[in-house]
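FYI, side chains are in, hydrogens and waters are out, and symmetry mates aren't considered; it's all heavy atoms of this structure.
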Amino acid sequence: MNYWLMKSEPDVFSIDTLKTKKKSGWDGVRNYQARNYMRDDMKKGDMVLFYHSSCDVPGVAGLAKVLKESHPDPTQFDPKSDYYDPKATKDTPRWFMVEVEFVEKFNVVISLHTLKSIKVLENMPLVQKGSRLSINPVSEVEYKTILELK
DNA sequence: GCCAACGTTGGC
DNA sequence: GCCAACGTTGGC
């Protein structure tokens with residue numbers, strides 16, 4: 001089993017949204033590296049740290065789990081979607097997503113500020129300056145360390 | 001294939 | 001709202 005961190009802006013899609021919906025496709029990713037993680041590496045049962053970005057208290061807000069492995073992101077085919085990609089076709093989709101299911105919402109968000117103060121986590125891309133990738137692999141040690149903070 | 005211009009991310 | 005970092009685009 002592998003561990004991941006996925007960023008979402010809570011104004012758009014939060015851990016509460018996922019809790020309500022129970023499960024959701026992780027659509028709208030338009031970055032090749034993040035896409036490749038979803039397409040090639042994320043497996044059913046992998047655990048996901050659900051991270052809130054661009055908000056009052058950025059940090060890990062809860063847990064999700066990969067429910068369905070890579071399949072084409074339907075928003076790329078929808079001309080009305082913000083994520084529409086005219087270069088994508090059903091025969092040759094460009095963007096892929098996984099589906100995740102809700103596992104847990106933390107009582108308190110584990111803030112980026114807190115994560116930055118922990119020595120074990122210093123190699124996570126998340127805590128490094130200029131890191132923008134919205135999906136990142138997390139090591140088992142990092143994952144367990146973060147869960148102990150909740 | 002280079003690289004300048006431009007757009008986006010995301011913390012602060 | 002600012003701006004550093006970084007990805008993408010497109011002319012050449």
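- Regarding A:Leu133, its CG atom lies at a distance of 15 Å from the C1' atom of C:dT8, rounded to whole Å.
- In this structure, A:Ile135 atom CD1 and B:dT9 atom C1' are separated by 14 Å, rounded to whole Å.
- A salt bridge (Lys or Arg N to Asp or Glu O under 4.0 Å) with A:Asp73 is found for exactly one of A:Arg30, A:Arg35, A:Arg39, namely A:Arg30.
- Between A:Tyr51 and B:dG11, a side-chain N or O to OP1/OP2 separation shorter than 4.0 Å is present.
- A cation-pi arrangement, defined by a distance under 6.0 Å to the six-membered ring centre and an angle within 45 degrees of its axis, is present between A:Lys90 and A:Phe77.
- At whole-Å resolution of the value, CD in A:Glu9 and C1' in B:dC12 are 15 Å apart.
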Polar atom pairs (N or O), protein with nucleotides 3-7 of chain C, under 3.5 Å:
unit_1: C:dA5; atom_1: OP1; unit_2: A:Lys129; atom_2: NZ; d: 3.3
unit_1: C:dC6; atom_1: O2; unit_2: A:Arg132; atom_2: NH1; d: 3.0
unit_1: C:dC6; atom_1: O2; unit_2: A:Arg132; atom_2: NH2; d: 2.6
unit_1: C:dG7; atom_1: O4'; unit_2: A:Arg132; atom_2: NH2; d: 3.1

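- At whole-Å resolution of the value, OH in A:Tyr83 and C1' in B:dT8 are 12 Å apart.
- At whole-Å resolution of the value, CG in A:Leu115 and C1' in B:dG10 are 15 Å apart.
- With a 4.5 Å cut-off on side-chain heavy atoms, A:Lys44 and A:Lys68 do not count as touching.
- Side-chain contact between A:Val60 and A:Val109 is absent, with no heavy-atom pair separated by less than 4.5 Å.
- The aromatic ring centroids of A:Trp4 and A:Tyr143 lie 6.0 Å or more from each other.
- Atom NZ in A:Lys116 sits roughly 7 Å away from atom C1' in B:dG11 (whole-Å rounding).
- Contacts of A:Lys105 classified as side chain to side chain donor-acceptor pair (under 3.5 Å), with partners at least two apart in sequence or in another chain: A:Asp16.
- Applying the 4.0 Å criterion to OP1 and OP2 of B:dG10, one finds that A:Lys7 has a side-chain N or O inside that range.
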